[in-house]
J.: 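Below: one structure in structure tokens.
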Amino acid sequence: MGDGGVFLFVIALLPFIGALVPGVMIRAGRNACATFTAVPTALALILLMLLAPAVLRGEVIEAELVWLPQLGLSASFFLDGLGLLFAAMILGVGLLITLYARFYLSGDDPMGQFYTYLLLFQGAMLGIVLSNNILLLLIFWELTSLSSFLLIGYWKHLPEGRRGARMALAVTGGGGLAMIGGMLILGNIAGSYNLTDILASGEAIRASEWYLPALILILIGAFTKSAQFPFHFWLPHAMAAPTPVSAYLHSATMVKAGVFLLARMWPALAGTDAWFYLVATTGLVTMVIGAVIALFKDDLKALLAFSTVSHLGLLTMLLGFGTPAAAVAAVFHVINHLTFKAALFMIAGIVDHETHTRDIKRLGGLARLMPVTAVIGTVAALSMAGIPLFNGFVSKEMMLEEAAHTAWFENPWIVPALATLGALFSVAYSFRFIVHVFGGPVRDDYPRQPHDPPAGMYLAPALLAVIVVLIGVMPFLAEPVVAAAVSAVTGTEMSPYLKLWHGLTPALWLSIIAVLGGAVLLWLHRPLARAWDAAPRPEAKAIFDAIMGAAVRLSRMISETLHDGVLSRYLAIMVAASVALGAIAWSGGGLAAPTRTPLPVPPVVAVGWVLLIVATASVVITHRHRFQSLVIISIIGLMISVGFVYLSAPDLALTQISVETVTIILLLLALHFLPKQTPVESSPARRLRDGLLALAAGGGVGAVAYAFLLRDVDAISDYHLANSYEGGGGTNVVNVILVDFRGFDTYGEIIVLGIAGFVIYALTEALLNGTASRRLRQIEYEPDRSRDRHPLMMVIATRVMMPIAVVVGVYIFLRGHNQPGGGFVAGLVISIALLMQYMASGFAWAQARRKFEYHSLIGSGVVIAGLTGAGAWLAGKPFLTSAFGYVHFPPIEEFELATAMLFDLGVFLAVLGAVMLMLHSLSRLARHAGETVNLEPMDFDPRTRAEAEADGKGG
Amino acid sequence: MEFLVASSIGALTAGGVYLILRLRAFPVILGLALLTYGVNIFLFASGRLAINLPPVLSKYADTAYTDPLPQALVLTAIVISFGMTAVLVMVALGAYLNSRSDRIDMDDEPLDRDDEPGSEEAPK
């Protein structure tokens, strides 16, 4: 990647970096804001100009940053003639618009926001024209839709602005989705997502059977973006945007993205019948319809919008012809349309700004009041009409020339006739723009007395008007740029000649017909407009609204059927779907013969199994009596723990039994507040359905388990067993896996556990401060409660147990690396020891003796584990690589110290903190609910009674 | 032995599924607890069953060991499922205290308030 490549990255990034500028600079004033907004654009333009000579010589500048090469994802950019042309247009017009918007926006408009959106759009648009990876291009493509949405809805207080923004997003965003599909197909055919590779494999693409679907999908994307019929309707509604936006996005750049894409994909997709009939026909129809509607619009911006639609149709049609000469005309017209249309939009903005109306019927005679504006507007409009000496003439001639040679379904006259008709209407509305706005007598009923705006406002359109005339008189000035761009479009070296006078060609005659006919149409405008208004015609917006309404109704119907707030229904659907999928998978393949012989069943194990099955059934049967079912469910947990012991999983047994304990405590605490009974609510049929579903699910899972238990499998565990001692320094492989092999998982899990603890804490806070708080206070407790809530026996027992339990916890923790145990189990054991104190002596008493915040326990656990992992970096190893060594103090046997133990300490602290925080939160609820607060360790303390009696005797 | 484990998984799953399809929060929590047991044993069993072969390396003998990886996965699953149960319990509790009903389905019918006397065990 040479210097040019670096420049390319900088050019692509500058607008995005620049988007941060206005937000900072707006406080320095509007002029400073506009000036500094122009800086990144200007810088990018200068860099582009530095690259331009090489590109005009025919070089292609490339830059690539590989990201995920396996998926074909890379940030790669390239600059060829086409990209140069569009990038220069985007940046150049961007500068002019920045200047113009400074004067256009009023003091009340948030200008910083505007410039930020504008630069975001600029960056996205530049990205489209510079991308060398179609996936990257798609991202930028969607970004333009989004930034256009923001800009159209810039005046948030205007309902038409919001509606227009939504419509534009729905149409162009929807088209973008279609295009994603098309691009993926294209990438699949070409075997690469690199644009240059795709363009090089045009033959293969056109021969592929997936060509047509890809073409149609990509065309939908391009047509929606470039407002081609029947997707043209969003563009006029986007005119609710401030005029600088209309001039920039909706005439000069964004709407040309579709045209750009057609030009870009030309070598890969063009040249087939499907391309010609789809693209050229759409373009032709759009050109004519747009031109006709434009003539009958009274709103200046609507007129220009439909004129833009028409000209975009013209460009599409030219590209659709698929001949190199037509491509030349298209590229040239892109430049010309940009100059005159952007100027016209700015003029329309000036008129609106000065007279406070855009209604042509209320305007007229402005030539005398606003001479400068009138001159610029007239020049630009004459170019739009295609009058000689203005640049629009040259490219329109070329268009008519191409149209004259084109047969449509072997019909030689229909394309030239329709193209001439479009040109004719184009002349008519252009003349109307001049005559009805600037011509005629001065009126005295303008909403505001107009005069020419400050120079800053007409500078930008004036500059464009100068270019219009320059290219119009000396078309060869544009030759180098057009040549480079067309060479890029067609993929072959081309050097077109652009000249003003082609001789008495058929195109000239068609042009003369168009101009004369246009003049006649304008003369007949009044009666024609009356007829137009009276004629019934389909209203695109109404159709769009109807379609959107239907789509919304459909999705509402679907989501309300499937997602209606009935949780049990979702769960039933989920279970049924899982069972069905499992059944399908099961029926798909046969079952190999069993390879394992079943293990024998000793009688004790059979007893345990019977207990488990009976307990499960009992939980289901007695679930309405909640307390009872809670007691029974603990039998299941106990049996599972015993099963783990029997089946060589001592770590699991330890964990299961301790988790079982805290879970039951938790559920008991919760049940304290919940109803103790579950009412019968579901019908017998419903219960039958649920039962069948449950039996199907259970039967399926059991069958799968039975099937795989009898068959062997290749496991990766040999690696763990072989490396546990040598690599991890521990003989308890399960623990080494937790703290070493899969330490990153464990690290994530303690974070999740910590988050769960904090969530519960936060929920408790919310409950205690919300409406539930009042209800908590109203809970009435059952009268048959024991008055001796903190019995002597229990208090003494737990006090005695406490140090023993702590020693057990420490022991389990320390031996964890080599024997069953470890941080998880130790954390649970210690928390049970603490919980016993809470249960025995009550919340307040235990709380007063707590030394550490549980929050900070969780935090320090996560931090210790994280630091231990990060410590490996100091040794130059990856995160969480453990180190260990052996230490020998004479009286004690040699023992091992491993960093994994420090990590396990983090696990221990996080588990302890999380479990305690959860249960502690629940007990806070109880305290809030009016539990009496005890300051003494037990309710009836014999010692105090004895003292009291002694006092009594003494006194 | 294999049949006992598989049938336990099946029974726990069936019981869990039946309970999560109930209409009140508490049975659903119980059902999830049963499902958790079932899933954990299922995962554990994927390492196949072995008796007296704990994955604790012996320095002195060259013996076989059972598969340690599913055990490590299940160990964290057990602890995490406790966290999940606790959050669920808290959410259910909050919902009950706020709406005065522990029904899990949203519907337009008036809620069956548990605080009204006699509403519990009300025959349908």
Side-chain angles (χ1 to χ4, degrees), chain A residues 565-568 571-572 575 598-599 601 609 612-613 616 620 623 626 640 647-652 655-656 659 663 666 670 673-675 677-679 681 690 694-695 697-698 701-702 705-706 709-710 715 717 720-721 725 731-734 737-738 749 753 756 759-760 763 767 772 775 824 918, chain B residues 1-2 4 6-15 17-21 23-24 26-27 30 33 37 42 45 49-57 65-69 71-72 74-76 78-80 82-83 85-87 89-90 93-94 96-98 102 104-106 114 120-122 124:
Chain A
V566 180
L567 185 64
S568 49
L571 289 171
V575 171
L599 298 171
V601 183
W609 175 75
L612 187 136
I613 298 289
T616 308
V620 173
H623 78 269
R626 295 178 172 185
I640 289 173
L647 293 170
S648 317
D651 280 285
L652 290 190
T655 317
Q656 181 70 55
V659 163
T663 309
L666 174 95
F673 303 102
L674 290 169
Q677 305 283 330
T678 305
E681 283 172 321
D690 292 348
L695 284 180
V701 172
Y706 189 61
L709 275 173
L710 288 179
S717 299
H720 295 124
L721 289 167
Y725 187 66
T731 52
N732 179 5
V733 187
V734 173
I737 290 174
L738 284 177
E749 269 147 356
L753 199 63
V759 165
I760 288 175
L763 279 172
L767 277 181
R775 182 164 157 72
F824 275 114
M918 289 169 185
Chain B
M1 191 70 216
E2 272 77 3
L4 300 195
S7 57
S8 306
I9 295 172
L12 288 167
T13 310
V17 167
Y18 182 78
L19 286 181
I20 63 168
L21 296 178
L23 300 172
R24 298 283 175 152
F26 198 79
L30 288 184
Y37 291 139
F42 186 88
L49 305 183
I51 295 168
N52 282 330
L53 301 173
V56 178
L57 301 180
Y65 303 102
T66 185
D67 193 341
L69 190 60
Q71 295 196 15
V74 171
L75 198 152
T76 47
I78 294 174
V79 179
I80 290 286
F82 164 70
T85 309
V87 171
V89 164
M90 207 58 210
L93 197 55
Y96 171 69
L97 291 175
N98 276 316
D102 69 342
I104 57 167
D105 293 347
M106 287 192 294
D114 289 326
E120 288 178 10
E121 296 284 17
K124 258 263 152 95

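Sequence lines set the chain letters: A, B, ... in the order given, protein chains first and strands last, and positions in each chain run from 1.
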J.: Which bit of B:Asp67 is near chain A, if near means a heavy-atom gap under 4.5 Å: side chain, backbone, both or neither?
T.: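 Both parts, backbone and side chain.
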J.: Heavy-atom distances under 4.5 Å only: say whether B:Val79 touches chain A with side chain, backbone, both or neither.
T.: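 For B:Val79, the contact with chain A is made by backbone and side chain together.
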J.: When heavy-atom pairs shorter than 4.5 Å are enumerated against chain B, which of A:Pro650, A:Ala697, A:Gly702, A:Ser648 gives the highest number?
T.: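 Ranked by contacts with chain B, first place is A:Ser648.
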J.: Compare every heavy atom of A:Leu599 with every heavy atom of B:Glu2, then report the nearest pair and how far apart it is.
T.: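 For B:Glu2 versus A:Leu599, the nearest heavy atoms are OE1-N, 3.0 Å.
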J.: Any idea which of A:Val575, A:Leu571, A:Leu695, A:Leu567 has the most non-hydrogen atom pairs under 4.5 angstrom with chain B?
T.: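 Top count of heavy-atom pairs under 4.5 Å with chain B: A:Leu567.
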J.: Side chain, backbone, both or neither: which part of B:Leu19 has a heavy atom under 4.5 Å from chain A?
T.: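 Answer is side chain: those atoms of B:Leu19 sit under 4.5 Å from chain A.
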J.: Among A:Asn732, A:Val601, A:Val733, A:Asp651, which residue has the highest count of heavy-atom pairs closer than 4.5 Å to chain B?
T.: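 The answer is A:Val733.
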J.: Can you name the closest pair of heavy atoms from A:Thr678 and A:Arg626 and give their distance?
T.: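 Closest approach of A:Thr678 to A:Arg626, heavy atoms only: OG1-NE, 2.8 Å.
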J.: Out of A:Ile737, A:Ile760, A:Thr616, A:Val620, return the one with the most heavy atom pairs under 4.5 angstrom to chain B.
T.: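 Among the listed options, the one with the most contacts to chain B is A:Ile760.
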J.: Between A:Phe824 and chain B, which part of the residue has a heavy atom less than 4.5 Å away: side chain, backbone, both or neither?
T.: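 Side chain only.
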J.: Sort out for me which of A:Leu674, A:Val759, A:Leu612 touches chain B most, counting heavy-atom pairs under 4.5 Å.
T.: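 Going by pairs under 4.5 Å, I would pick A:Leu674.
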J.: Sort out for me which of A:Ser568, A:Ala705, A:Ala670 touches chain B most, counting heavy-atom pairs under 4.5 Å.
T.: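 Heavy-atom pair counts peak at A:Ser568.
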